[in-house]
Structure formats: structure tokens, C-alpha cells
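In what follows, residues are counted from 1 in the order of the sequence shown.
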Amino acid sequence: MAFSSSHALSISLLAFFVCAVVSSDPDPLQDFCIGDLNVVPGINGFPCRNSSTVTVDDFIYSGIVNSSNTTNINRSGAIFGTVLRFPGLNTLGLSIARLDFLPEGIIPPHTHPRASEMVYVEEGTVYAAIVTADNRLFARVMNRGEVMVIPRGLIHWQMNVGRTNAKIIATLNSQLPGIQFIARSMFGSRPEVPDEVLEKTFFLDERSINQVRSNFV
């Protein structure tokens, strides 16, 4: 069967648009793009600083050297190294976090709306869990040296179940992954979520709702 020139052109255009749809982000046009945090970011991140001002320190982040603050109700703390603290991450699609736990400490259920995550247990023993969109729980006690992957947007948490402090190093595939804690979003938002919504969602009475809210003041 012979093809006319118009058919050939149509096929070529179709192939072009299919490739355009399935292709990934274009390769960067420079070796690095240290973010200029003094400028409002655009869709793909911050504008690049003048490369002549860049030093080796722009490629190094010391923010997770020391332990995070664990003197709180959750007995845990987190330090994030996102582009806002580590401008060298700009346009790279990466960030890092350090999670510290006292015994019985917990990083409460939360999601990262813009990133998948990989957690590495550096110290201690933690119970790590994921809940999928169809409400399946995937959970296990993890020991030092083990790694768990957490798909983007899924609810997850980690809890120290050992007798000593625990430490996790997490990497995320976004320079600004975002974080949303489930309980804090529902009980600590401003303005407040209406009581009726909380009553019907969590089967709580007004007294219980106010008690939970008091933890997020």
C-alpha cells in the first residue's frame, strides 16, 4: 500500500507529538545552577546565580551534621536540606533530611506531595509504614543499614521501637518536596476546619476535638 506525501507528513507529526509527550525534562544547559534565593522562583526553580560567584561551599551542606530538636510531644525532630537551605540543589530534583528519635519517638503520618522518598536507618530500630491509596498497610521493623522506598504522595510514618535513640537519613527526588502532616492539617489549620467535619470524619465529640486541637496551638 502506497502512502501519499500528506500521509507521511501526518505520521511524522504524530511521531513528533508522541515523543514530545513521553519525553522527560530537557538536559540542563549548564553544569550547575546555584539558586539565587533573593529572586522569586519560577516553575523550574530559582534563577541561577552568576557562576563567577560560586565556590565549593555552594556544593556542600552542613545542616544535618547536628541532631535535630527532639524536645516536643512527638519525641522526634527533622532537619530538611531543601533548595531553600541548600541552594546548590537548584534544578537537580534532590533534597535530603535527617530524622532523630528519642525512645518511643515518632514522625507522625504525613505525605510529600511532590516527591518519592528513600529512608536509610543509620542508628537504632524503627517501625516504618506506608499506607496506599487502596488502604493497604505495608509496615515492618527496620534495623541499622536497611532502606525503605516511599512512593510519592503516600501516607507514611516512622517510630522508634528500640531502647536507644534512632536516626534516619532520607533523600527525596524533589528540591522542594513539601510535607503535610495529616493530624496537623486537620486539627491545626488556620482558619479551623469546622467541628462538624471533624466529628463526621474522625467520630469525635466537641470536647475531644478541642483537646486534640490544643496540641497544635
Side-chain angles (χ1 to χ4, degrees), residues 16 19-72 74 76-101 107-123 126 128 130 144-158 165-182 184-185 188-190:
F16 171 81
C19 289
V21 169
V22 301
S23 63
S24 61
D25 291 336
D27 290 333
L29 300 179
Q30 61 280 318
D31 289 340
F32 54 82
C33 178
I34 308 301
D36 184 351
L37 302 187
N38 295 315
V39 182
V40 176
I43 294 176
N44 294 320
F46 290 89
C48 305
R49 268 179 35 208
N50 188 319
S51 62
S52 65
T53 68
V54 173
T55 70
V56 66
D57 291 336
D58 290 303
F59 299 94
I60 297 173
Y61 180 61
S62 302
I64 61 173
V65 171
N66 298 316
S67 174
S68 54
N69 182 11
T70 55
T71 57
N72 52 65
N74 294 319
S76 69
I79 301 174
F80 276 87
T82 69
V83 68
L84 298 179
R85 295 182 175 180
F86 187 10
L89 295 174
N90 194 46
T91 74
L92 299 184
L94 294 169
S95 58
I96 192 167
R98 170 177 172 157
L99 314 178
D100 294 285
F101 307 77
I107 301 291
H110 63 282
T111 70
H112 300 290
R114 296 183 292 274
S116 296
E117 180 179 8
M118 192 158 57
V119 296
Y120 167 77
V121 180
E122 186 168 317
E123 297 175 10
V126 300
I130 304 168
R144 180 179 181 275
E146 293 190 300
V147 174
M148 175 184 248
V149 63
I150 301 162
R152 174 179 173 178
L154 295 188
I155 296 173
H156 60 283
W157 65 89
Q158 298 91 24
N165 292 352
K167 174 183 174 184
I168 284 176
I169 298 297
T171 56
L172 303 99
N173 66 342
S174 170
Q175 65 185 35
L176 203 59
I179 185 168
Q180 186 170 26
F181 288 98
I182 308 305
R184 182 176 296 277
S185 294
S189 64
R190 295 293 181 270

Apply side-chain contact (heavy atoms from CB on, under 4.5 Å) to [X] and list each qualifying residue two or more places apart in sequence or on a separate chain.
X    : result
S67  : R98, D100
N69  : T71
V54  : F32, I34, R49, D58, F59
R152 : S116

Show the nearest heavy-atom pair for residues [X] and [Y], with the distance to one decimal.
X    : Y    : result
A166 : V126 : CB-CG1, 3.8 Å
S68  : I79  : CB-CG1, 3.4 Å
L176 : R114 : O-NE, 2.8 Å
N74  : N72  : N-OD1, 3.0 Å
G35  : F46  : CA-CB, 3.9 Å
T70  : G77  : CG2-N, 3.8 Å

How long is the gap from [atom1] on [X] to [atom2] on [Y], to the nearest 0.5 Å?
X    : Y    : atom1 : atom2 : value
C48  : Q30  : SG    : CD    : 4.5 Å
T111 : I130 : OG1   : CD1   : 13.0 Å
M148 : I168 : CE    : CD1   : 9.5 Å
E117 : I96  : CD    : CD1   : 11.0 Å
N165 : E123 : CG    : CD    : 8.0 Å
I169 : M118 : CD1   : CE    : 12.5 Å

In chain order, what residues pass the side chain to side chain donor-acceptor pair (under 3.5 Å) check against N50, with sequence neighbours excluded?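 Expected list: S52.
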Run the side chain to side chain donor-acceptor pair (under 3.5 Å) test against Q180 and tell me which residues pass, sequence neighbours left out.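 For Q180 the side chain to side chain donor-acceptor pair (under 3.5 Å) partners, ignoring immediate neighbours, are S185.
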Results of salt bridge (Lys or Arg N to Asp or Glu O under 4.0 Å) for E122 - residues two or more places apart only: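 Scan of E122 (salt bridge (Lys or Arg N to Asp or Glu O under 4.0 Å), adjacent residues dropped) gives K167.
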Scan for salt bridge (charged side-chain N to carboxylate O under 4.0 Å, His left out) pairs involving residues 30-43, sequence neighbours excluded, and state none if there are none. none
I want to check something: taking the side chain as every heavy atom from C-beta on, are P108 and W157 in contact at a cut-off of under 4.5 Å?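 A side-chain contact is absent here, since even the closest heavy-atom pair is not under 4.5 Å.
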From the list I150, V147, L172, T171, side chain to side chain contact (heavy atoms under 4.5 Å, CB included) with V119 holds only for I150
Side chain to side chain contact (heavy atoms under 4.5 Å, CB included), paired with Q175, selected from L84, N90, T82: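 The side chain to side chain contact (heavy atoms under 4.5 Å, CB included) with Q175 is passed solely by N90 among L84, N90, T82.
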Going by ring pair (Phe, Tyr, Trp, His ring centres under 6.0 Å), name the residues that satisfy it together with F181, two or more places apart in sequence or in a different chain. H110
Residues which pass ring pair (Phe, Tyr, Trp, His ring centres under 6.0 Å) with F86, listed by chain and number, not counting sequence neighbours: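 By the ring pair (Phe, Tyr, Trp, His ring centres under 6.0 Å) rule, F86 matches Y61.
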Hey, does the side chain of S95 reach the backbone of S174 with a donor-acceptor pair shorter than 3.5 angstrom?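 Yes, because the side chain of S95 sits within donor-acceptor range (under 3.5 Å) of the backbone of S174.
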